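Quick note on labels: first sequence line is chain A, next is B, and so on, each numbered from 1. Computed from a predicted structure; not experimentally measured.
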Number of protein chains: 2
Amino acid sequence: MKKLELFDKHQQDLAKWAKVLSHPARIAILQYLASCNTCISGDISDHLPLSRTTVSQHLKELKEIGLIKGEVEGLKMRYCLDDKAIEALNQIFSDFVTSIQPQNKECC
Amino acid sequence: MKKLELFDKHQQDLAKWAKVLSHPARIAILQYLASCNTCISGDISDHLPLSRTTVSQHLKELKEIGLIKGEVEGLKMRYCLDDKAIEALNQIFSDFVTSIQPQNKECC
DNA sequence: GTTTTATGACGCAAACATACGACATTGTAT
DNA sequence: ATACAATGTCGTATGTTTGCGTCATAAAAC
């Protein structure tokens, strides 16, 4: 019942990026990280209406796809956005949107 | 266990768009619709490695969020992309990407 | 050295998504 | 009218995601 692999690599890739953005908590985390210029660690959880454990899991997903990086700082953890990845994300999505612009306007 | 509504309307919105794009089949459908300038109906299923029923469900989701429109044509169904929605999608995603550009480069 | 603190990993339950066969509906062809 | 075709809906099985409590670990404070 896992048919994902039957599709194009490109399509799978885009789907993966989209999936990471498909939960408001993860979007909120990214925006929070962008806003706090001190790149604060797990008081990210304090800013979200979710338990620390749950936020930790979302952070993990963001890290796995590379959108954020985390560096240990004593007991605490300092997360921050990865510029490069955000640029890549931008590229992938704008390429996709371009790819689905209808080329033939009289079609419908 | 449904905490989605605890987030910002904007965040929820973006998440919804992203969710629709989070499956390769739906991406494939959009790209197929963009490529076939005749906006053909359910032989979309013939182009995908999934059953007709499953494709029908994906089409429904795309239609619900407004990315595609369907018009009855006798027994057949003619689906096509909705330009306006694609433009909106573009806007939403590029706004988001802009919103997470780190403003303070020395941060990390 | 013991306690406190911040964090991640593990395991579970509820909710949701995916995939599909069987059926219903509606339009066309005979 | 009857048969056939294209499509959507329903029910269901299986897989995945979300959310969280509990535990383990490791740095810091005492």
Side-chain angles (χ1 to χ4, degrees), chain A residues 1-7 11-12 14-30 32-33 36 38-65 68-80, chain B residues 1-7 11-12 14-30 32-33 36 38-65 68-80:
Chain A
M1 220 176 226
K2 251 260 155 196
K3 297 237 161 166
L4 265 40
E5 67 287 340
L6 294 174
F7 293 90
Q11 293 164 342
Q12 288 182 48
L14 175 56
K16 253 198 248 171
W17 284 100
K19 181 166 258 166
V20 168
L21 299 182
S22 76
H23 195 290
R26 291 189 287 267
I27 291 170
I29 291 172
L30 293 174
Y32 179 68
L33 285 178
C36 77
T38 48
C39 272
I40 289 306
S41 79
D43 54 10
I44 296 167
S45 341
D46 297 345
H47 275 75
L48 297 186
L50 292 172
S51 82
R52 198 190 51 74
T53 319
T54 304
V55 172
S56 181
Q57 237 169 250
H58 286 303
L59 285 167
K60 191 178 163 198
E61 283 181 80
L62 288 166
K63 200 161 131 207
E64 268 166 9
I65 208 161
I68 67 176
K69 298 173 288 190
E71 73 188 81
V72 181
E73 189 155 300
L75 236 198
K76 309 216 179 163
M77 200 67 187
R78 175 173 298 265
Y79 284 107
C80 43
Chain B
M1 219 174 226
K2 251 258 158 198
K3 298 235 159 169
L4 265 39
E5 67 288 338
L6 294 176
F7 293 89
Q11 293 164 342
Q12 289 182 48
L14 176 55
K16 253 198 249 170
W17 284 100
K19 181 166 258 165
V20 167
L21 298 183
S22 77
H23 195 291
R26 291 189 287 267
I27 292 170
I29 291 172
L30 292 173
Y32 178 68
L33 285 178
C36 76
T38 49
C39 273
I40 287 307
S41 79
D43 54 10
I44 296 167
S45 340
D46 297 346
H47 274 74
L48 299 185
L50 294 172
S51 81
R52 197 189 52 73
T53 317
T54 303
V55 172
S56 182
Q57 240 170 246
H58 286 303
L59 284 167
K60 192 178 162 196
E61 283 183 80
L62 288 167
K63 199 161 131 206
E64 267 166 10
I65 208 161
I68 66 175
K69 298 173 288 189
E71 73 188 80
V72 181
E73 190 155 299
L75 236 196
K76 308 212 179 164
M77 199 66 187
R78 173 173 299 264
Y79 283 106
C80 42

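How far CD1 of B/Ile29 is from NE2 of B/His47: 12.5 Å, rounded to the nearest 0.5 Å.
In terms of the side-chain contact (heavy atoms from CB on, under 4.5 Å) criterion, residue partners of B/Lys63 (sequence neighbours excluded) are, by chain and number, B/Ile68, B/Met77, B/Tyr79. With sequence neighbours excluded, the residues that form a side chain to side chain donor-acceptor pair (under 3.5 Å) with A/Ser51 are A/Thr54. For A/Glu61, the salt bridge (Lys or Arg N to Asp or Glu O under 4.0 Å) partners at least two apart in sequence or on another chain are A/Arg26. When the side-chain contact (heavy atoms from CB on, under 4.5 Å) test is applied to A/Gln11, the partners found at least two apart in sequence or on another chain are A/Phe7, A/Asp8, B/Pro24, B/Ile27, B/Ala28, B/Gln31.
B/Leu33 has its side chain within reach of B/Ile44: a pair of non-hydrogen atoms, C-beta onward, lies under 4.5 Å apart.
Rounded to an integer number of Å, the gap from B/Leu62 CG to C/dA17 C1' is 14 Å. Regarding B/Asp46, its CG atom lies at a distance of 11 Å from the C1' atom of D/dA6, rounded to whole Å. Atom C1' of nucleotide C/dG8 and atom CD1 of A/Ile44 are separated by 14 Å, given to the nearest angstrom. Protein atom CD of B/Gln12 is 14 Å distant from nucleotide atom P of D/dT18, rounded to whole Å. D/dG8 atom C1' lies 11 Å from atom CG of B/Leu59, rounded to whole Å. Per the geometry, CD belonging to A/Gln57 stands 15 Å off P belonging to D/dT16, to the nearest Å. Atom P of nucleotide D/dT17 and atom NE2 of B/His23 are separated by 11 Å, given to the nearest angstrom. The separation between A/Lys76 atom NZ and C/dT4 atom P is 18 Å, rounded to whole Å.
Closest to the side chain of B/Leu50, out of D/dG8, C/dA19, D/dC20, is C/dA19. For B/Lys60, taking side-chain heavy atoms from C-beta onward, the closest of the listed nucleotides C/dC20, C/dT18, D/dT9 is D/dT9.
Dashed line: the shortest gap from a side-chain N or O of A/Ser56 to OP1 or OP2 of C/dT7 is not under 4.0 Å. Between B/Thr53 and the phosphate of C/dC20, there is no side-chain N or O to OP1/OP2 separation shorter than 4.0 Å. Between D/dT17 and B/Lys19, no contact under 4.0 Å exists linking OP1 or OP2 to a side-chain N or O. Dashed line: the shortest gap from a side-chain N or O of A/Tyr79 to OP1 or OP2 of C/dT7 is not under 4.0 Å. Under 4.0 angstrom from either OP1 or OP2 of D/dG19 there lies at least one side-chain N or O belonging to A/His58. Between A/Thr54 and D/dT18 there is no side-chain polar atom (N or O) within less than 4.0 angstrom of OP1 or OP2.
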With sugar-phosphate taken as primed atoms, P, OP1 and OP2 and all else as base, the protein-contact string of nucleotides 23-30 of chain D at under 4.0 Å (heavy atoms; B, S, -) is ---BBS--

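For the helix from C/dG1-D/dC30 to C/dT30-D/dA1, the end axes, each set by the C1' atoms of five terminal pairs, are bent relative to each other by 20° (nearest 10°).
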